[in-house]
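Sequential numbering from 1 along the given sequence is applied to the chain's residues.
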Amino acid sequence: MTGAGENGGRAVDVFLRYLKAEGAEVVFGVPGGLLHPLFAAVENAPDLRLVVTKHEEGAAFMADGFARTGGRLAVCAGTSGPGSTNLLTGVSCAFADGVPMLVVTGQAASGAIGKGAAQEAGREDIDIVAMFDPVTKYSAMVVSPGSLAHHLRRALRLALTGRPGPVHLNVPVDLWEKPVEEQWFEPSSYRPETSLFDRRRVQQAAEAMIAARYPAILVGSGVGIASATDHLRALAELLSARVATTPRGKGLFPEDHPLSLGVLGFAGHSPAKDTILGDEVDLLFTAGASLNETTTLNWDRRLRPRETLVQLDIDPDRIGRNYPVEIPLVGDAQTILVELVYHLHRLIRDGASPGSAWGDEAPIERNIYTNPDLRVSDAVPVTPQRWRVDLEEVLPDDVTIFSDIGGHMLFNIHHLRIKEGQRLVINMGFGSMGHGTAAPIGAALADPGRPVIAIVGDGCFAMNGMELLTAREHDIPVTWIVENNNMHGITWHGTRRVGSGRPMESARFRKTVEIAAIARAMGLGAWVVERPGQMQQAMSEALKSGGPAVIEVRVDAEISPPVEDRARAVEGFIAGR
Ligand SMILES: Cc1ncc(C[n+]2csc(CCOP(=O)(O)OP(=O)(O)O)c2C)c(N)n1
Ligand SMILES: [Mg+2]
């Protein structure tokens with residue numbers, strides 16, 4: 001391969017050189033004629049890996065999983081026309097949750113655009129640039145080989161600065177192999193690493209925090225994106241503040257910590273709800289939480305503390321969006337938390353002492369689960385609660401757990417305790433089924449030293465489960481637990497709680513499916529769990545196998561997930577409340 005030196009090479013060589021400089025290791029995608037030169041170059045690049053997925057949506061989900069856990073640039077690509085429309089849902093997921101990703105799509109040759117080339121998707125018919133525009137931070141067609149690097153640097157700058165997000169470049173097929181004369185830019189020279197904060201506001205926040213009698217913290221996913229979990233914990237301990245997380249932030253503050261209130265929001269825990277929506281809290285500090293419907297239980301007004309709401313967000317547009325804020329802190333969570341902790345230490349050194357009076361109150365209730373009896377039930381088939389309790393016994397301390405979307409996610413939020421060092425990933429913003437099935441493959445590639453498992457429903461598995469073949473082909477060791485209730489459980493149980501109370505019977509599948517048999521046919525190791533006490537061995541063996549594996553759990557489908565909050569919200573929306 002011709003390397004892109006200071007003075008050039010082919011456009012595609014310059015392009016790959018930037019990807020490598022940004023830490024990209026993998027390109028996920030499905031090839032097609034209009035993208036061929038890029039795929040051919042990636043395949044031949046010694047330090048890049050081309051992972052051909054079964055569906056472009058899977059490629060976008062995998063890139064998303066790679067970025068969420070790897071903390072570096074992820075790339076996915078699809079050909080023009082259907083390749084790009086297939087990418088769209090995955091890209092939207094990344095946009096909703098602020099995940100950086102470079103999306104590349106193919107295009108007809110520059111001289112043929114507008115003449116009706118096969119799969120052409122230009123301005124006059126399926127306008128792909130416009131299609132990606134609302135779900136990316138930048139979407140552009142590259143119109144000349146000489147401007148490719150310019151557009152790429154701009155796209156990378158936007159993807160990786162501020163609130164991260166996906167960016168899209170559409171490249172006519174004839175541009176890739178054209179020679180270019182290029183001046184090389186190091187990433188640090190086109191992409192600012194900013195760590196801005198407002199000193200006055202941080203001081204004001206520190207003073208309010210140290211004076212608070214009943215301080216509480218709500219931890220959102222932004223704390224995870226900023227790698228600020230340790231800093232947040234130091235702050236909470238310094239203030240003796242009680243700490244809840246959002247559903248998406250679940251686990252960013254260890255749920256086995258004495259200050260943990262659990263999750264606030266859908267399928268959350270009563271200590272979080274009673275405390276944060278109660279009337280004791282005088283100062284609430286929300287960190288990297290967008291305060292959306294799922295967290296605030298439909299924007300419950302009682303979330304406002306008695307005196308001071310301190311809201312930290314990297315995006316000023318999120319500040320004061322849903323609740324009036326006394327002290328706004330705009331910026332990266334880690335940068336600001338470092339400053340806050342510094343100021344708190346300074347105040348303490350100058351004689352102040354934290355005012356927290358929580359210690360005089362009743363300790364946080366530890367029996368936080370609805371239906372605690374179902375957690376210890378010996379019934380067969382196993383209850384959804386019981387196998388999760390069994391699972392906790394054998395999960396590695398550093399496991400990354402992906403959850404897909406459905407009733408199983410609500411069970412995961414409520415019944416799975418995420419301990420220190422463990423991590424949970426849910427595409428909560430967009431809530432797309434299938435993300436939790438495909439994205440863990442990207443995560444396992446990004447961080448091969450860390451075990452990755454996924455808990456998905458049978459409905460989600462049916463949508464994107466073919467990507468397990470991708471894992472098999474590349475020997476990517478993800479263990480999928482497929483909770484088989486033979487239905488869209490969230491819909492069936494949810495519809496029993498709204499309107500007439502008649503369950504939507506069409507959401508129950510008409511025939512049973514043996515997920516483990518499908519997995520075996522795909523060449524994966526497979527286990528079936530039907531009884532209490534079987535999960536421990538199945539998971540231990542699956543992890544030990546070192547390859548991709550499936551554990552099908554046949555659960556008691558009559559047991560409802562904790563769907564009440566979601567049902568109430570949907571009912572309110574339908575009624576226009
Ligand atoms: C792409 C997409 N389509 C539809 C939905 C709406 N939806 C949310 S969960 C769900 C059913 C999930 O079924 P399954 O994976 O079996 O999970 P269960 O509720 O049974 O645990 C549906 C249809 C969605 N979130 N995403
Ligand atoms: Mg199901």
Side-chain angles (χ1 to χ4, degrees), residues 89 96 246-248 263-270 272-274 277 292-303 322 368-375 377 379 381-388 403-416 426-436 455-463 482-513 515 553-577:
T89 301
T246 66
R248 213 186 122 200
V263 173
L264 178 72
F266 288 167
H269 302 116
S270 49
K273 188 169 173 180
D274 296 346
L277 303 187
N292 57 19
E293 176 206 346
T294 45
T295 295
T296 62
L297 293 164
N298 234 1
W299 304 286
D300 193 313
R301 285 179 173 222
R302 294 170 299 169
L303 181 130
N322 297 325
I368 60 174
Y369 303 105
T370 53
N371 304 116
D373 47 320
L374 294 176
R375 291 171 57 85
S377 164
V382 67
T383 68
Q385 292 88 346
R386 173 63 198 263
W387 74 255
R388 285 174 170 82
S403 171
D404 222 318
I405 302 292
H408 57 282
M409 170 192 78
L410 300 174
F411 281 122
N412 292 341
I413 291 172
H414 193 80
H415 286 283
L416 203 64
I426 311 177
N427 88 98
M428 202 81 194
F430 203 53
S432 177
M433 289 169 73
H435 177 277
I455 302 176
V456 311
D458 51 328
C460 292
F461 178 81
M463 268 201 194
V482 184
E483 184 164 62
N484 194 356
N485 54 10
N486 211 40
M487 59 159 119
H488 287 169
I490 192 169
T491 306
W492 194 80
H493 287 286
T495 47
R496 291 206 299 175
R497 285 188 170 72
V498 295
S500 68
R502 191 170 346 109
M504 179 173 282
E505 286 301 336
S506 309
R508 262 184 195 264
F509 304 144
R510 289 176 168 73
K511 305 270 195 256
T512 56
V513 175
I515 306 279
V553 191
R554 300 191 185 138
V555 287
D556 182 346
E558 299 300 319
I559 296 173
S560 175
V563 72
E564 297 78 13
D565 298 322
R566 177 73 184 142
R568 215 171 295 131
V570 170
E571 196 166 40
F573 284 151
I574 292 171
R577 285 198 293 276

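Atom CE in M487 sits 13.5 Å away from atom CZ in R510 (nearest 0.5 Å). The structure places NZ of K273 at 9.0 Å from OG of S270, a figure rounded to the nearest 0.5 Å.
Applying the salt bridge (Lys or Arg N to Asp or Glu O under 4.0 Å) test to R496 and every residue at least two apart in sequence or in another chain returns nothing. For H414, the side-chain hydrogen bond (donor to acceptor under 3.5 Å, both in side chains) criterion is met by T370, not counting sequence neighbours. Not a single salt bridge (Lys or Arg N to Asp or Glu O under 4.0 Å) links R375 to another residue, sequence neighbours left out. With sequence neighbours excluded, the residues forming a side-chain contact (heavy atoms from CB on, under 4.5 Å) with T491 are H488, T495, M504, A507, listed by chain and number. Taking N485 as the reference, nothing meets the side-chain hydrogen bond (donor to acceptor under 3.5 Å, both in side chains) condition, with sequence neighbours excluded. Judged as a salt bridge (Lys or Arg N to Asp or Glu O under 4.0 Å), and not counting sequence neighbours, the contacts of R386 are D378, D390. By the ring pair (Phe, Tyr, Trp, His ring centres under 6.0 Å) test, H493 pairs with no residue at all, sequence neighbours left out. Considering only residues two or more places apart in sequence or on other chains, S403 meets the side-chain contact (heavy atoms from CB on, under 4.5 Å) condition with H408, M409, N412, L424, I426. By the salt bridge (Lys or Arg N to Asp or Glu O under 4.0 Å) test, D274 is found to be paired with no residue, residues two or more places apart in sequence or in another chain being considered. Annotation: side-chain hydrogen bond (donor to acceptor under 3.5 Å, both in side chains) contacts of N371 (sequence neighbours excluded): none. A search for side-chain hydrogen bond (donor to acceptor under 3.5 Å, both in side chains) contacts involving T296 returns nothing, not counting sequence neighbours. Residues passing the side-chain contact (heavy atoms from CB on, under 4.5 Å) test with R302 are L277, D300, sequence neighbours excluded.
Closest approach of G407 to P561, counting heavy atoms only: O-CB, 3.6 Å. Between Y369 and P372, the closest heavy-atom pair is O-CD, 3.4 Å. Considering every non-hydrogen atom in both S560 and R497, the closest pair reads OG-NH1, 3.1 Å. Closest non-hydrogen pair, D404 versus G434, comes out as OD1-N, 2.9 Å. The two atoms that bring P247 and L264 nearest to each other are CD-O, 3.2 Å, heavy atoms only. Here the closest non-hydrogen pair linking G429 and A96 is C-CB, 3.9 Å.
For N292 (side chain) and T295 (main-chain N/O), a donor-acceptor pair under 3.5 Å exists by modelled atom type. The backbone N or O of L374 lies less than 3.5 Å from a partner atom in the side chain of T383, making a donor-acceptor pair. A donor-acceptor contact shorter than 3.5 Å links the side chain of N484 to the backbone of V513.
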Run the side chain to side chain contact (heavy atoms under 4.5 Å, CB included) check on L303 and N322 step by step: do they pass?
CA-CA 10 Å; L303 181 130; N322 297 325; over 6 Å; no
In sequence, state the C-alpha distance, the side-chain angles, and the governing distance for N486 and W492, and then conclude on side chain to side chain contact (heavy atoms under 4.5 Å, CB included).
CA-CA 11 Å; N486 211 40; W492 194 80; over 6 Å; no
Step by step, work out the side chain to side chain contact (heavy atoms under 4.5 Å, CB included) result for T246 and T294.
CA-CA 8 Å; T246 66; T294 45; over 6 Å; no
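The side-chain heavy atoms of P381 and V555, taken from C-beta on, include no pair separated by under 4.5 Å. Inter-residue side-chain proximity for I490 and V563 is flagged as met; some heavy-atom pair is nearer than 4.5 Å. Looking only at side-chain heavy atoms (C-beta outward), E483 and F411 come within less than 4.5 Å of each other. Side-chain contact between H435 and F430 is absent, with no heavy atoms from C-beta onward closer than 4.5 Å.
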